[in-house]
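Order of the sequence lines sets the chain letters (A, B, ...), proteins ahead of strands, with each chain counted from 1.
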2 protein chains.
Amino acid sequence: MGQLSRVRFSAHQLRAFLHLAEFRSFTRAAAASHLSQPAFSALIRTLETEVGVRLFDRSTRHVDLTVEGREFHGGAQRVIAEMEATLANVRQRVDLKRGRVAVALLPSLAAGWLPDVLAAFHTEFPDIELAVYDVLSENCIDHVRSGRADIAIAATRVDTPELRADPFQTDDFFLVARRGHPLLDRPNPKPRDLLPFDFIHLSRNSSVRQYLDAATLPLQMRTVMEVDQLATVMGMVKAGLGISVVPALTLFHFQHPDIETRPLRWPGLRRSIFLIRRRDKGLSVAAQALYLRLVAGRQPEVGAPPSATPGKRKH
Amino acid sequence: MGQLSRVRFSAHQLRAFLHLAEFRSFTRAAAASHLSQPAFSALIRTLETEVGVRLFDRSTRHVDLTVEGREFHGGAQRVIAEMEATLANVRQRVDLKRGRVAVALLPSLAAGWLPDVLAAFHTEFPDIELAVYDVLSENCIDHVRSGRADIAIAATRVDTPELRADPFQTDDFFLVARRGHPLLDRPNPKPRDLLPFDFIHLSRNSSVRQYLDAATLPLQMRTVMEVDQLATVMGMVKAGLGISVVPALTLFHFQHPDIETRPLRWPGLRRSIFLIRRRDKGLSVAAQALYLRLVAGRQPEVGAPPSATPGKRKH
DNA sequence: CGATCTTACGGGATTCGTAAACATA
DNA sequence: TATGTTTACGAATCCCGTAAGATCG
């Protein structure tokens, strides 16, 4: 236990020792160790010198453990076994047979394409434990900062000494309205075109709302309601309570026969999504694997929801 | 467990790893490992290559374990601890803080000076377990042959491929008789001088009896009784039931005011005592220590019992 | 720019293999 | 005498330390 005293064993020596204890023959044990017999002999001699006692009784006809050698034998077995188990455990992580990845991301992203990526990831690596924190942008970043999450996908560009944000994709905004709404006929509606109509807002601390407010300043939409969940927005729009403006990545919420969408090309109204991770520590093998699949799995054509309304944008 | 796969860790590497994990600084960990910093760096790099994954996240300002490194850390600690425990266990045996010695010897020797030697040995090395088999000569040898005993002290010269007998000491025989017995006045009594008197014999399978029979052939003593234990012989002699002839090393049994002893100088009547051990395996550290003390502790003047009757012989 | 890790490279110790000597049954 | 271990010695390898280079805060 002390302070790491000077033991100088190597796996080499210990395996040689175990081989000799097993075969009771320098010649055969040397072969098993892939060594010439004299080299093997020297190895054992060195080990005995280090331990300070003869571990084998030997003559040209007979090799066997001494009492002290038997004492050593059990320990050597345990050391080698522990080494192998240790290596195996790490290798399991390298081979993605074990591990854990935690992702923090915006609720507006968590229900869209992410489940597909995670499902594929889980099918490919069923032994990797997955955690998803679907929280608002600020919390996302906090999760990464504190280490609870390996990666965050959020709309905030953070560029601090500890955190690093890589552009992940851009997200254009769409008008959503109940079928038949007059705005749907207007080509390229501008912010002021929306002012006459009741508007369903997301709460002020959502990144969607913040982008929207910034793009419409100094205009104020005619807020009829403020809700927390996009699914709720959809319900309201479908019921004809009002219109709304949401990012392309959330359009899957609005797949409904009674709802139509239109791309908006307003200056500044483009949400940037970032992949955020800690600057000081690399990703674990498992996190790296998920990271790659997240990048590979992102929608190449933002603004083109799976099977729906017209309008397409590139980032 | 597999068949001892190719793990190539050394205590060196693992201790370096643990130092780095502890100090989180290459410079300080290198110092703790008594290595130059670049050499230390290379050591870690080699280890990471062997394991197949980066174990530390590092920048010039920050060093910390990766997820995989933490997995490795526990194992490395256990390996080093096991190594140290193993070495410590063997060292305990070398330092005679642990171990076991088994001696087999003739009953005629087991109660004499041996207890003193064992007592001194036990005082000096209280952690060494001692075993004594006080059995007849043939059994003594068998105990050594089978490995139950490390050493035997017996009267049989064995010179087989497996066993080796070193002369230990010689043991001259003494007449023992009750005070006032007529034989005591006769100088240098011969075998035939004993014929008129009742004789207390030991049983025929004792080495004492065999020596005696050989030396008196073809004469036959006038056997009044045959007993197994020397203590019994003593009792009989003290009671005046008869005389007997016993080796010097057993004379301590006959320390009694009513008994007197006389050396006998008959040709061939000298018992040789041998130290017997296996030829193929050396003595354990503990056995070797006892061996040396047995040799050192033997009576230099055989035939001169501690504080008694006259007569002295050298071997 | 200062502290710290990495790369480059030459020297030295360790370890290996071949060949010969040695020991034991 | 035959099998198997130890010794001798030259060669390849590995490991270390110094010095220069790169990087992060």
> Which pairs, protein N/O on one side and nucleotides 10-14 of chain D N/O on the other, fall under 3.5 Å?
none

> Would a distance-only check, ignoring hydrogens and angles, find a side-chain to backbone donor-acceptor pair under 3.5 Å from D171(A) to L249(A)?
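Flag set: sc D171(A) to bb L249(A) pair under 3.5 Å.
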> Quick one: side-chain contact (heavy atoms from CB on, under 4.5 Å) partners of L136(A), sequence neighbours excluded?
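Once residues adjacent in sequence are excluded, the partners of L136(A) under the side-chain contact (heavy atoms from CB on, under 4.5 Å) criterion are P107(A), N205(A).
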> Specify the separation, in whole Å, of atom CD of Q13(A) and atom C1' of dT15(C).
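Distance, rounded to whole Å: 12 Å.
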> Applying ring-ring contact (aromatic ring centres under 6.0 Å, His included), can you list everything that pairs with F274(A), at least two apart in sequence or on another chain?
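Here no residue qualifies.
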> Mind checking what makes ring-ring contact (aromatic ring centres under 6.0 Å, His included) contact with F56(A), not counting sequence neighbours?
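Once residues adjacent in sequence are excluded, the partners of F56(A) under the ring-ring contact (aromatic ring centres under 6.0 Å, His included) criterion are F17(A).
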> Rounding to an integer number of Å, can you tell me how far F56(A) CZ sits from dT5(D) P?
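These atoms are roughly 12 Å apart.
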> Quick check on dT6(C): is either OP1 or OP2 less than 4.0 Å from any side-chain nitrogen or oxygen of R58(B)?
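True: R58(B) side-chain N/O within range (under 4.0 Å) of dT6(C) OP1/OP2.
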> Report the distance from atom CD of E162(A) to atom P of dC24(D), rounded to the nearest whole Å.
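So the CD-P distance, E162(A) to dC24(D), works out to 17 Å.
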> Crowded around E138(B) CD? As in, over 12 foreign heavy atoms under 6.0 Å?
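Counting other residues, nucleotides and ligands, CD of E138(B) stays at 12 neighbours or fewer.
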> For R28(B), what residues pass the salt bridge (charged side-chain N to carboxylate O under 4.0 Å, His left out) criterion, not counting sequence neighbours?
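Residues passing salt bridge (charged side-chain N to carboxylate O under 4.0 Å, His left out) with R28(B): none at all.
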> So, is T27(A) close to the dG4(D) phosphate, meaning a side-chain N or O under 4.0 Å from OP1 or OP2?
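Checking T27(A) against dG4(D): no side-chain N or O falls below 4.0 Å of OP1 or OP2.
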> To the nearest 10 degrees, how far apart in direction are the end axes of the helix from dC1(C)-dG25(D) to dA25(C)-dT1(D), each fit to five base pairs?
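One end's axis against the other's: 40°.
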> Base, sugar-phosphate alone, or nothing: which one does T46(A) contact when heavy atoms must sit under 4.0 Å apart?
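Result for T46(A) = nothing.
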> I need the CZ-P distance between R24(B) and dC5(C), as an integer number of Å.
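Taking atom P of dC5(C) as the reference, CZ of R24(B) is at 13 Å.
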> Figure out the CZ/P separation between F26(B) and dT7(C), and round it to whole Å.
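These atoms are roughly 11 Å apart.
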> Is the phosphate of dT7(D), meaning OP1 or OP2, less than 4.0 Å from a side-chain N or O of R45(A)?
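Yes, R45(A) has a side-chain N/O under 4.0 Å of OP1/OP2 on dT7(D).
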> With F121(B), which residues qualify under ring-ring contact (aromatic ring centres under 6.0 Å, His included), at least two apart?
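Only F125(B) meet the ring-ring contact (aromatic ring centres under 6.0 Å, His included) criterion with F121(B).
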> In B/S/- notation, 5' to 3', how is nucleotides 16-25 of chain C contacted by protein heavy atoms closer than 4.0 Å?
SBBB---BBS
> Sub-3.5 Å donor-acceptor pair from the side chain of R93(B) to the main-chain atoms of S284(B), do we have one?
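Pair absent, no side-chain N/O of R93(B) close to backbone of S284(B).
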> Can you pull the side-chain hydrogen bond (donor to acceptor under 3.5 Å, both in side chains) pairs that have at least one residue in residues 53-63 of chain B, sequence neighbours excluded?
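Qualifying pairs: E48(B)-R58(B).
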> Donor-acceptor pairs under 3.5 Å, side chain of residues 148-161 of chain B to any protein atom, not counting sequence neighbours: which ones?
from: R148(B); atom 1: NH1; to: S146(B); atom 2: OG; distance (Å): 3.1
from: D150(B); atom 1: OD2; to: A102(B); atom 2: N; distance (Å): 2.8
from: T156(B); atom 1: OG1; to: S137(B); atom 2: OG; distance (Å): 2.7
from: D159(B); atom 1: OD1; to: R279(B); atom 2: NH2; distance (Å): 2.7
from: T160(B); atom 1: OG1; to: E162(B); atom 2: N; distance (Å): 3.2
from: T160(B); atom 1: OG1; to: L163(B); atom 2: N; distance (Å): 2.9

> Once salt bridge (charged side-chain N to carboxylate O under 4.0 Å, His left out) is applied, do any residues pair with E50(B), and if so which ones, sequence neighbours excluded?
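In terms of salt bridge (charged side-chain N to carboxylate O under 4.0 Å, His left out), with neighbours along the sequence ignored, E50(B) is linked to R8(B).
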> Tell me, please, which residues at least two apart from D127(A) pass salt bridge (charged side-chain N to carboxylate O under 4.0 Å, His left out).
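Expected list: none.
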> Check the distance between dT14(C)'s C1' and L47(A)'s CG and give it to me in whole angstrom.
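Computing the L47(A):CG to dT14(C):C1' distance gives 16 Å.
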> Rounded to whole Å, please give me the gap between CD1 in I44(B) and P in dC15(D).
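After rounding, the gap between these two atoms is 13 Å.
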> Rounded to whole angstroms, how far apart are CG on L20(B) and P on dC5(C)?
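After rounding, the gap between these two atoms is 8 Å.
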